[in-house]
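For reference, the structure is listed below as structure tokens.
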Amino acid sequence: MLDLKYVVENLEEVREILHKRGAEARASIDTIAEKAEKRRRVIHRLQELRTGQNQANALMAKLDKKSGAFAQQRDALRQIASEIKGLESEHREIEAEISNLLLHVPNLPADSTPVGKDASDNPLVRSWGQKPEFDFEPKDHTDLGLALGIIDFERATKISGARFSFLLGHGSRMIRALMAFMLDLHGEEHGYTEIWSPVIVKDETMRGTGQLPKFAADSFRIDWSWDEHQENQGHDLYLIPTAEVPVTNFHAGEILDAEQLPVTHVAYTACFRSEAGSYGKDTRGLIRQHQFDKVELVRVERPDQGEAALEKLTAHAEEVLKRLELHYQVVLLCSGDLGFGSRKTYDLEVWLPGQKAYREISSCSWYGDFQSRRANIRFRPAKGEKPKFVHTLNGSGLAIGRTFVAILEQYQQKDGSVRVPDALIPYMGGVEVVKARES
RNA sequence: GGAGGAGUGGCCGAGAGGUCGAAGGCGGCGGUCUUGAAAACCGUUGAACCGGCAACGGUUCCAUGGGUUCGAAUCCCAUCUCCUCCGCCA
């Protein structure tokens, strides 16, 4: 969420910068400015009335309760009290209107985010490794996995529907191996604190990181209409689309000490996405599932460290691909392709020989104070100073399902077996090659 | 699921319709004293918002949301959270 004061004081600039996103959000900026002015007037009047009321009330306390003066004064104050009550409800209303509008406005892209229209304008930043060469026609992971007997879509569809999967044997084992490998790398070598998290969160938590209110359709909401008390719960529950949501909100509502920063967390969680609007896209295979596993990196930083931390975070995510010796490239998202809450984002794209394409396997973003303002996460720069909003960052390190896909496709051999990356062999219990399951 | 109890400032803890942003203590910060430190003593110590170039002034906040009242931390209602006991359960 943007700072209302900043928006009002820099109207032109905000309009201009949002224009780079090609966003329809610009229109609401003018409405917000109008409402902000109205809000100011209401608050001002309200305070005047209250000052008067407070002074009069102080006198009341000293008056003889049986005197005529008391009765007279009381009647006069009734008038003021009811006027205040009216203004208060007007005030509540306008605050709600403003924050509702503000919650729908995307973040301002950073200066270093290139201006562009869509993904085709994303500049290539760097590339690592080489496309593996095959003296045969490489298969895609679906064919490989089915032939090896380590993936089963049909039965998953039977029990859960489309976009779900069973993994078996070394397939299942490899998910577990990747999870442990990534957690160890980031935890032990990159210094992140491992954290295990709930995967069901309140709507306000989703609002904190920006998934709500605008992207409700992208997530799974829990239906607890079976609970006769549900209307008294005061909140909805959602399955998290990424560990970013619970982990970034870990310090929601808190004021951190400066020495606590940066807070760095690495979390493994299952992730759930409705994938509404992606009908017909990636219907085959493991690329786009309703449920997938991900190891996520989250950093909470001092504002002056925010943008620099994005480089560190991205390097940490890249290290996973390097250790696994998977060819990939890094692109910088342009303003038109940038996520709602992000100021700057690097995407890591891994090479998939079966698709002959680079596919996103990690997205590393710097949010500035966009999320911390929503989630109210602050820090005190120094003793006696006012709290300020922190900067938040997060990035996949990595999406496990897609890493599994990349390994199958980049490490496949002519006979349909798949070599296990050296770094992963210890985590696979010494298995060096995944061969067809006999069973 | 049943029965009780509790939610006050960084922490502990008073308060019980009017002068309470809230006694007292602890902790933190500044100072006096000391060769240094401790002790002792003195002072200071929350957040958000509005107005103002500023000094400063004002408003709101005692779990949350409503209500009663001229006036609520104090009374009423609802919700949330925590604790204790019983039951059930991975």
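Proteins get letters first, then strands, A, B, ... in listed order; numbering begins at 1 in each. Values reported hereafter were calculated over all heavy atoms of this structure, with side chains retained and with hydrogens, waters and symmetry mates removed.
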Is there a side-chain polar atom (N or O) of R380(A) under 4.0 Å from OP1 or OP2 of rA47(B)? yes
Roughly how many Å is it from CZ in F70(A) to P in rU69(B), rounded to a whole number? 14 Å
Could you state the atom-to-atom distance from NZ of K388(A) to C1' of rA48(B) in whole Å? 17 Å
State whether R40(A) places a side-chain N or O below 4.0 Å from either non-bridging phosphate oxygen (OP1 or OP2) of rC50(B). no
Minimum-distance nucleotide (side-chain atoms of H44(A) versus rC70(B), rA47(B), rC50(B)): rC50(B)
Find the distance R50(A):CZ to rG51(B):C1' and express it as a whole number of Å. 16 Å
From CD1 of I255(A) across to P of rG9(B) the rounded distance in Å is 13 Å
Nearest-nucleotide 5' precedence on RNA chain B, K202(A) against N57(A): N57(A)
C364(A) and L313(A) have their tightest heavy-atom pair at CB-CD2, 4.1 Å
Would you say the ring centroid of Y192(A) lies under 6.0 angstrom from that of H265(A)? no
By the 4.0 Å heavy-atom rule, please label A58(A) as base, sugar-phosphate, or nothing. nothing
Partner nucleotide, any strand, of rU34(B) [Watson-Crick/G-U, under 3.5 Å]: none
Roughly how far apart, to the nearest Å, are rU84(B) and rU8(B) at atom C1'? 22 Å
So what does K62(A) touch, heavy atoms closer than 4.0 Å: a base, only the sugar-phosphate, or nothing? nothing
Check the distance between rG58(B)'s P and Q55(A)'s CD and give it to me in whole angstrom. 9 Å
Kindly say if K5(A) contacts the phosphate of rC49(B), meaning a side-chain N or O under 4.0 Å from OP1 or OP2. no
For the side chain of I43(A), counting heavy atoms from C-beta on, which of rC49(B), rG51(B), rG18(B) is nearest? rC49(B)
For the rings on F340(A) and F215(A), is their centre-to-centre separation under 6.0 Å? yes
Given the C1' atoms of rG9(B) and rU44(B), what is the spacing between them in whole Å? 15 Å
Checking N1-N3 plus N6-O4 or O6-N4 for Watson-Crick, or N1-O2 and O6-N3 for wobble, each under 3.5 Å, the partner of rC75(B) is rG67(B)
Please classify the nucleic acid contact of N54(A) as base, sugar-phosphate, or nothing, using heavy-atom distances under 4.0 Å. sugar-phosphate
Does a side-chain heavy-atom distance below 4.5 Å link E97(A) with I94(A)? yes
Taking CG from L46(A) and P from rA48(B), how many angstroms apart are they, rounded to a whole number? 20 Å
Quickly work out the E95(A) CD to rG65(B) P distance and round it to whole Å. 13 Å
Check the side chains of E319(A) and H316(A) for a donor-acceptor pair under 3.5 angstrom, ignoring hydrogens and angles. no
rG66(B) phosphate, OP1 or OP2: any side-chain N/O from R92(A) under 4.0 angstrom? yes
Are Y427(A) and F181(A) near enough that their ring centres are under 6.0 Å apart? yes
Give R45(A) one of three labels, base, sugar-phosphate or nothing, depending on what nucleic acid heavy atoms sit under 4.0 Å from its own. nothing
Whom does rA16(B) pair with, Watson-Crick or G-U wobble, provided both distances fall under 3.5 Å? none
Measure NZ/K85(A) against P/rU59(B) and give the value in whole Å, please. 19 Å
Who does rG4(B) pair with, Watson-Crick or G-U, both distances under 3.5 Å? rC83(B)
Who does rG9(B) pair with, Watson-Crick or G-U, both distances under 3.5 Å? none
C1'-based separation of rC33(B) from rU19(B) [nearest Å]: 39 Å
Whole-Å C1' distance, rA63(B) and rU59(B): 22 Å
Integer angstrom distance from the C1' of rG43(B) to that of rG4(B): 46 Å
Same-atom distance (P) from rA14(B) to rC86(B), integer angstrom: 28 Å
From the set rC50(B), rA47(B), rC70(B), return the single nucleotide nearest to any side-chain atom of P387(A). rA47(B)
P spacing across the pair rC82(B) / rG15(B), given as an integer number of angstrom: 27 Å
Any side-chain heavy-atom pair of V199(A) and Y238(A) under 4.5 Å: no
Within less than 4.0 Å of OP1 or OP2 of rC50(B), is there a side-chain N or O belonging to R41(A)? no
Upstream residue (5' side of RNA chain B) when G52(A) and R39(A) are each assigned their closest nucleotide: R39(A)
Say you pick atom P in rU64(B) and the same atom in rU74(B); how far apart are they, in whole Å? 11 Å
Considering only heavy atoms from C-beta outward, does the side chain of I151(A) approach that of L168(A) to under 4.5 Å? no
In Watson-Crick or G-U wobble terms, with both distances under 3.5 Å, the base opposite rA22(B) is none
